[in-house]
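Beneath this line is the structure, given in structure tokens, with notes to follow.
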Amino acid sequence: MEVREPGGATVAMGEPVAAGAACVAEPPRIRRLDESVVNRIAAGEVIQRPVSAVKELVENSLDAGSTSISVVVKDGGLKLIQVSDNGHGIRSEDLPILCERHTTSKLSAYEDLQSIKSMGFRGEALASMTYVGHVTVTTITEGQLHGYRVSYRDGVMEDEPKPCAAVRGTQIMVENLFYNMIARRKTLQNANDDYAKIVDLISRFAIHNSSVSFSCRKHGVNRADVHTVTTLSKLDAIKTIYGISVARDLMEITVSDDNPSRSIFEMNGFISNANYTAKKTTMVLFINDRLVECTALKRAVEVAYSSTLPKASRPFIYMSIKLPSEHVDVNIHPTKREVSLLNQESLIETIQNAVESKLMNCNTTRTFQTQTVNCAPASNFTARKDTEISPSVSGKKSQKVPVNQMVRTDSRDPFGRLHAYWQDCPASQHEKKSDLASVRIAVRQRRNPRESADLTSIHELLNEIDQNIHPGLLEIVKNCTYIGLADEVFALLQHNTHLYLVNVVNVSKELMYQQVIRRFAHFNAIQLSEPAPLPELLILALKDEDLESGGDDDELRKKIAEMNTELLKQKGEMLEEYFCININQDGNLTRLPLILEQHTPDMDHIPEFLLSLANDVDWENEKECFQAISAVLGNFYAMHPPVLPNPAGNGIDFYKKINGKAASIDDAGNEWTGTDNHGQDDLDQELLAEAETAWAQREWNIQHVLFPSMRLFLKPPKSMATDGTFVQVASLEKLYKIFERC
């Protein structure tokens, strides 16, 4: 017989009802965990990875008054961590309770936390290590005839302390870390990664504690990866650890506040200038001599740099902040990695303002490191005189030029160019007269010699250009024959019996820079058809930078754009008078200078130009200011490749359509189309026509504007002979030798 329960379930008579089927399950009982389980859980919080153990041991050594600390690591710290110091040591009578939880010599009452100055205070670090590893301590105090060695496990001594020979101080070895935490150990299999974190930790301690010598090395290796000696200068410590390339780009910063209503603190340290570049921020922060992290302060400093430096360059920061002990709460994090500060917002704002002021006042023109290209030595660019084919004064017959030294082209003859051999549409009337027009314009410009150079700084910049000329390159530039473009960046030109590749971007950038200096305060104007709003353009440039760096913060970009707009508006009168850059009071760009006749810059690069103008210029120093503005203009007016890919060759794939839309390019730069059909019907004809026009216009400008102006005005600096701007690719004499062998 079956009986229906009120809830709808059917139960057969005589059958037992399953537990929980008709009643609510009882809640689980609360049990007191075993002491060993509690200790192991706590140890996992305090010692999260090998670097956590090293940090605790080094801090104990510093608390012991050590002047020399040595760290030895094996397998990233999992097999062995050994920290030795020359501090005051540990009393032999304290060894039995040394590794018990909450035993410490630095704290006796909770109120002592309000004025704690030592880095350790909980008495948990050594105890935690004994629950996840095997700990051995060797120590000797001053005045003792011998030291003691004792091993610990699970917070207690395994044996009685044994007398042994020892040097002054304490040596603590932690072996087989996380041997009883299988999951944790599996996540820490990359020994190199953990060792790198340990090296970084020791480096940070060594910078701040410059009166202590540090060393850190791998077990079995004689050479230390970190080795510092006692020094009184923190800058010397930075130079020893991070190298001179970092130290030379640092500037000292000091700020303090003694207003109780805001904050009371003193901060001193070093921050990087505009020349320092790195992919990520390096921030070494000590608060009351305690190595900590402060996300809010780091973010505030990065904001200060973002509004000043181009490309959101990641800075190097070392800061040491001193506050009254009662204003710092050190007991908020298991590993003491973070602290809480009284009036933290006011303190951070004060430091941020100080960093911004330092950067604005001390920012200099950036120095860019170039990579030397394996090209012909500079001696190859020495000017060579051709043998003249003309009768001598004495009436002797002219000497015949060897065939392998005969120059068959003339730099003034257009038939030496590749275009003469291409079957193309007839040149327009404008193109036919372009060379002559360029020469006439150049002559008119040369008839006004340096009338604008009435300032001492401009005279100095012009003298620097004249004194830095490479005579061999000057001969090549003055008497070369333009052949044609080799690719998007390089053009081919011939000089005598040599063939050269010339970096069009570098040459045009230098030419524009020199022209800005020469025509200083005497520019014709390019009037923009519509005013260009600075805030929108700056935000656009910042978005492009964020795409490269992986950041995305609209509020930050808006703030930076507003700051840069105000800066440019303040400098608008000077920019208008000397450089013909007009920025009205509404924050709109209305005019640009005409640097070369028949050449206008690519307006797609206006956002980057404005951002560089705001960030790369030292507005306080006249000469450096003019030089930086000229360099920014030179880069803007340089003949960069157009933004759209070149339709010739593989670039055509960019303009293929998929379901009515133009194809896209993936992160690796590969075209994704989904079809192999290259028919004209699959191309975005409007976009393709725009690209073809842009590339054709650039090629025309290079041939008819850049090279004629280059022959007349460019004074090539010596650096162009070695940085890959001019590369010799062929020599007629050497080619004849090769052909003779054949």
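Using a 4.5 Å cut-off on side-chain heavy atoms (C-beta onward), L592 and Y637 make contact. Between C625 and E622 there is no side-chain heavy-atom pair separated by less than 4.5 Å. For the pair L613 and L568, the minimum side-chain heavy-atom distance is below 4.5 Å. For the pair I271 and Y305, the minimum side-chain heavy-atom distance is below 4.5 Å. At a threshold of 4.5 Å between non-hydrogen side-chain atoms, the residues R204 and D200 count as touching. Within the 4.5 Å cutoff, side-chain heavy atoms of I264 are placed close to those of P324. Proximity of I595 to P601: side-chain heavy atoms (C-beta onward) are nowhere separated by under 4.5 Å. With contacts defined as side-chain heavy-atom distances shorter than 4.5 Å, the pair R591/I526 does not qualify.
The minimum heavy-atom distance linking Y318 with S320 is given by the pair OH-CB, 3.6 Å. Minimum heavy-atom separation, W695 to P641: CH2-CB, 3.8 Å. Of all heavy-atom pairs between I241 and A206, the closest is CD1-CB, 3.4 Å. When all heavy atoms of F523 and V516 are compared, the pair lying nearest together is CZ-O, 3.7 Å. Among all heavy-atom pairs drawn from S203 and Y242, the shortest one is CB-OH, 4.1 Å. For the residue pair I539 and A561, the shortest heavy atom distance occurs at CG1-CB, 3.6 Å.
Under a 3.5 Å cut-off, the side chain of N621 and the backbone N or O of K623 do form a donor-acceptor pair. The backbone N or O of Q585 lies less than 3.5 Å from a partner atom in the side chain of K569, making a donor-acceptor pair. Formation of a donor-acceptor pair under 3.5 Å by the N584 side chain with backbone atoms of N588 is found in this model. A donor-acceptor contact shorter than 3.5 Å links the side chain of H522 to the backbone of F520. T281 places no side-chain N or O within 3.5 Å of a backbone atom of M283 that could act as its donor or acceptor partner. Although no hydrogens or angles enter the test, the distance criterion places a donor-acceptor pair under 3.5 Å between the side chain of R698 and the main chain of E488. Under the 3.5 Å distance criterion, the side-chain polar atoms of K358 are left unmatched by any main-chain donor or acceptor of N353. Judged by distance alone, the side chain of N209 and the main-chain N or O of S211 form no donor-acceptor pair under 3.5 Å. Side-chain atoms of T722 come within 3.5 Å of backbone atoms of S719 as a donor-acceptor pair (strictly under, hydrogens ignored). At distances below 3.5 Å, not a single donor-acceptor pair connects side-chain atoms of H605 with backbone N or O atoms of E608.
Centroid-to-centroid, the aromatic rings of F726 and Y500 stay 6.0 Å apart or farther.
Distance OG1/T282 to NZ/K279: 13.0 Å, rounded to 0.5 Å. Taking OG1 of T295 as the start and CD of E302 as the end, the distance is 10.0 Å to the nearest 0.5 Å. Atom CG in L341 sits 7.0 Å away from atom CD1 in I321 (nearest 0.5 Å). Atom OG of residue S272 and atom CG of residue D249 lie 7.5 Å apart, to the nearest 0.5 angstrom. Residue E345 holds its CD atom at 11.5 Å from OG1 of T350, rounded to the nearest 0.5 Å. To the nearest 0.5 Å, the span separating CD1 on I244 from CD1 on I238 amounts to 13.0 Å.
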Practice problem: Using the side chain to side chain contact (heavy atoms under 4.5 Å, CB included) rule, take I351 and M319 through it: C-alpha gap first, then chi angles, then the decisive distance, then the call. | Solution: CA-CA 10 Å; I351 294 177; M319 289 184 180; 3.7 Å; yes
Quiz prompt | side chain to side chain contact (heavy atoms under 4.5 Å, CB included) between I629 and W619, worked out | solution = CA-CA 10 Å; I629 296 175; W619 302 97; 3.9 Å; yes
Quiz item: Yes or no on side chain to side chain contact (heavy atoms under 4.5 Å, CB included) for L359 and M251, after CA distance, side-chain angles and deciding distance?
Solution: CA-CA 9 Å; L359 290 173; M251 49 189 178; 3.4 Å; yes
Quiz item: side chain to side chain contact (heavy atoms under 4.5 Å, CB included) between I581 and L633: does it pass, once the steps are laid out?
Solution: CA-CA 10 Å; I581 300 174; L633 281 167; 4.0 Å; yes
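E555 CD: 12 or fewer foreign heavy atoms inside a 6.0 Å radius. At most 12 heavy atoms of other shown residues, nucleotides or ligands fall within 6.0 angstrom of atom CD in E266. More than 12 heavy atoms of other residues, nucleotides or ligands shown are found within 6.0 angstrom of CG on N259.
There is a side-chain donor-acceptor pair under 3.5 Å between H208 and D289. Using modelled atom types, one finds a donor on one side chain and an acceptor on the other under 3.5 Å when comparing Q697 with N701.
Using a 4.0 Å cut-off between charged nitrogen and carboxylate oxygen, K558 and D554 do not count as a salt-bridge pair.
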Let me check something: any side-chain donor-acceptor pairs from residues 501-512 under 3.5 Å, sequence neighbours excluded? List them with distances.
| unit_1 | atom_1 | unit_2 | atom_2 | d |
| --- | --- | --- | --- | --- |
| N503 | OD1 | V505 | N | 3.1 |
| N503 | OD1 | N506 | N | 3.1 |
| N506 | ND2 | T725 | OG1 | 3.3 |
| S508 | OG | V504 | O | 2.8 |
| S508 | OG | V505 | O | 3.0 |
| S508 | OG | M639 | N | 3.0 |
| K509 | NZ | N635 | OD1 | 3.3 |
| E510 | OE2 | Q514 | NE2 | 2.8 |

